[in-house]
Amino acid sequence: MVEWRDRAIVLEAMKFADHDAIMCVFSREHGIHKGVCKAALSKRNRSTVEPGNIVDARWSARLPEHLGNMQLDIESAIASRIMTDPLKLTTLGSLCSLLKTTLPEHDPHPQMFDAVEEFLFHLADAQEPFEWLSNYISLEVRLLEELGFGLDLNECAATGSRDNLMYVSPKSGRAVSEKAGAPYIDKLLPLPAFLRESVPTMGWHELADGLRLTSYFIEHWLLQAIHQPLSPVRGRLSQQVDRLKQA
């Protein structure tokens, strides 16, 4: 018998039979894990298994490669705290989808877990969308780095300068200064100020640029490497921010 107990984040609850569900969670010391959770979708337990919730997870199986059984007890009901905010819900859905799709099963990423957990608490409490959305975009940059697709946003790829970094090369993932990038502006991606230095986000335009930047590298580097498409919910997040930018 193999078993463990760990702090985890609910990513998905897939109906299995009657009120049972196959749960997918991101656990701190055991990574992405799935298991059958009895009565997970019952009226009594449904609120526990909402994506984004932080839970005490227990998993057991006869062999490590088996699906196994999972029991979950709520620790922090993040989902219920953002239920009335459509943009927060889309952001949460995007995050859960990305983690489920890109992180290898049973591969621990404790530092990434800590970063995601910190973001979830911030998402639940924050009132200013410029702040939590910029943090979300920074978290996507961190996910790329965690999985071996890190961007170099610290110095210009052409000159080595650290001043006036305004763009990112879609080929190299490296920053480009305003002067060096001027002849190639149509081929480069905008680099929002909040991703290159600790400054507050100035508006929806910067957030849209940030999502465009991370979307490109998630789709063309990370997801292509594992032969997966960009999730629809991640696309909806970019669309929502684009509409807010144009309002």
Side-chain angles (χ1 to χ4, degrees), residues 6-12 24-29 31-32 47-57 72-103 108-147 150-151 153 191-215 217-218 231 233-234 236-242 244-245:
D6 201 357
R7 189 172 177 86
I9 297 165
V10 176
L11 301 183
E12 187 178 34
C24 178
V25 303
F26 178 27
S27 60
R28 190 180 192 280
E29 303 297 334
I32 299 291
S47 60
T48 297
V49 301
E50 291 288 348
N53 283 350
I54 298 166
V55 295
D56 175 28
L72 304 176
D73 292 313
I74 191 71
E75 290 197 358
S76 297
I78 300 294
S80 64
R81 294 161 64 181
I82 67 169
M83 201 61 67
T84 59
D85 190 320
L87 188 57
K88 284 188 176 184
L89 284 173
T90 305
T91 303
L92 177 61
S94 176
L95 175 60
C96 291
S97 177
L98 280 176
L99 295 172
K100 180 174 69 72
T101 302
T102 62
L103 291 176
H109 290 268
Q111 293 181 333
M112 191 69 211
F113 178 92
D114 291 344
V116 172
E117 183 180 50
E118 181 181 358
F119 171 75
L120 289 174
F121 283 119
H122 179 68
L123 180 69
D125 294 333
Q127 301 297 319
E128 175 54 68
F130 293 165
E131 183 182 355
W132 58 260
L133 262 174
S134 61
N135 287 346
Y136 173 74
I137 295 165
S138 297
L139 189 64
E140 289 193 337
V141 172
R142 182 164 182 169
L143 178 63
L144 284 164
E145 182 177 2
E146 183 82 9
L147 295 174
L151 308 179
L153 307 179
L191 174 58
F194 69 85
L195 285 179
R196 66 179 189 266
E197 52 188 306
S198 297
V199 296
T201 309
M202 299 305 294
W204 293 111
H205 183 81
E206 274 195 308
L207 293 172
D209 284 346
L211 287 170
R212 179 186 169 198
L213 176 69
T214 53
S215 290
F217 291 105
I218 288 170
S231 68
V233 66
R234 179 58 179 78
R236 288 199 299 274
L237 177 59
S238 292
Q239 291 168 5
Q240 282 180 282
V241 173
D242 281 340
L244 289 166
K245 178 186 72 173

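As the structure is a computational prediction, the values presented were derived from the model and not from experiment.
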Review point. Do E140 and S94 come close enough that some side-chain heavy atom pair is under 4.5 Å?
Key: yes
Check your understanding: For the residue pair G52 and L92, what are the closest heavy atoms and their distance?
Key -> CA-CD1, 3.7 Å
Review point. Taking the side chain from K88 and the backbone from A126, do they hold a donor-acceptor pair closer than 3.5 Å?
Key: yes
Check your understanding: Does CD in E128 sit with more than 12 non-hydrogen atoms of other residues, nucleotides or ligands closer than 6.0 Å?
Key -> yes
Review point. Can you name the salt bridge (charged side-chain N to carboxylate O under 4.0 Å, His left out) partners of R7, sequence neighbours left out?
Key: E75, E117
Exercise for review: Step by step, work out the side-chain contact (heavy atoms from CB on, under 4.5 Å) result for L147 and H109.
Suggested key: CA-CA 10 Å; L147 295 174; H109 290 268; 4.2 Å; yes
**Study point:** Nearest heavy atoms of V10 and C96, plus distance in Å
**Key:** O-SG, 3.9 Å
Revision key, fill the gap. Contacts of F130 meeting ring-ring contact (aromatic ring centres under 6.0 Å, His included) (sequence neighbours excluded), chain-then-number -> W204
Practice item. Might you work through the side-chain contact (heavy atoms from CB on, under 4.5 Å) test for D73 and T48, ending with a clear yes or no? Key: CA-CA 7 Å; D73 292 313; T48 297; over 6 Å; no
Check your understanding: Does a donor on one side chain sit under 3.5 Å from an acceptor on the other, for S215 and R234?
Key -> yes
Practice item. Report the C-alpha distance between F119 and T91 in whole Å, list the side-chain angles of each, state the deciding distance to 0.1 Å, and finish with yes or no for side-chain contact (heavy atoms from CB on, under 4.5 Å). Key: CA-CA 11 Å; F119 171 75; T91 303; 4.1 Å; yes
Practice item. Locate the shortest heavy-atom distance separating V49 from N53; write the atom from each residue and the value. Key: N-ND2, 4.4 Å
Exercise for review: Enter the distance from L143:CG to I218:CD1 here, rounded to the nearest 0.5 Å.
Suggested key: 6.5 Å
Exercise for review: Could you list the residues that satisfy side-chain contact (heavy atoms from CB on, under 4.5 Å) with V116, not counting sequence neighbours?
Suggested key: I9, F26, L95, L99, M112, L120, L139
Point to revise | Backbone of L98 reached by a side-chain donor or acceptor of T102 within 3.5 Å | key: yes
Point to revise | Residues in side-chain contact (heavy atoms from CB on, under 4.5 Å) contact with Q111, at least two apart in sequence or another chain | key: R142
Revision key, fill the gap. Residue set satisfying side chain to side chain donor-acceptor pair (under 3.5 Å) with S134, at least two apart, ordered chain then number -> T201
Review point. Between the main-chain N or O of E29 and the side-chain N or O of D6, is there a donor-acceptor pair closer than 3.5 Å?
Key: yes
Exercise for review: Hey, could you give me the CG/CD1 distance between D125 and I82, rounded to the nearest 0.5 Å?
Suggested key: 11.5 Å
Exercise for review: Nearest 0.5 Å please: distance from the CG atom of L87 over to the CG atom of L237.
Suggested key: 6.5 Å
Check your understanding: Passes side-chain contact (heavy atoms from CB on, under 4.5 Å), H205 versus D209? Steps please.
Key -> CA-CA 6 Å; H205 183 81; D209 284 346; 3.4 Å; yes
Revision key, fill the gap. Residues passing the ring-ring contact (aromatic ring centres under 6.0 Å, His included) test with W132, sequence neighbours excluded, are none
**Study point:** Approximate separation, where rounding is to 0.5 Å, of I54 CD1 and R28 CZ
**Key:** 12.5 Å
Point to revise | Over all atoms of both residues, closest heavy-atom pair of A8 and F113 | key: CA-CE1, 3.9 Å
Point to revise | Value rounded to 0.5 Å, distance of CD1 in I32 from CG in L103 | key: 5.0 Å
Study note, to complete from the structure: Closest non-hydrogen contact found for D242 with A208 is OD1-CB, 3.5 Å
Practice item. Of all the heavy-atom pairs spanning L195 and S138, show the shortest one and how long it is. Key: CD2-OG, 3.6 Å
Point to revise | Approximate separation, where rounding is to 0.5 Å, of L151 CG and E145 CD | key: 8.5 Å
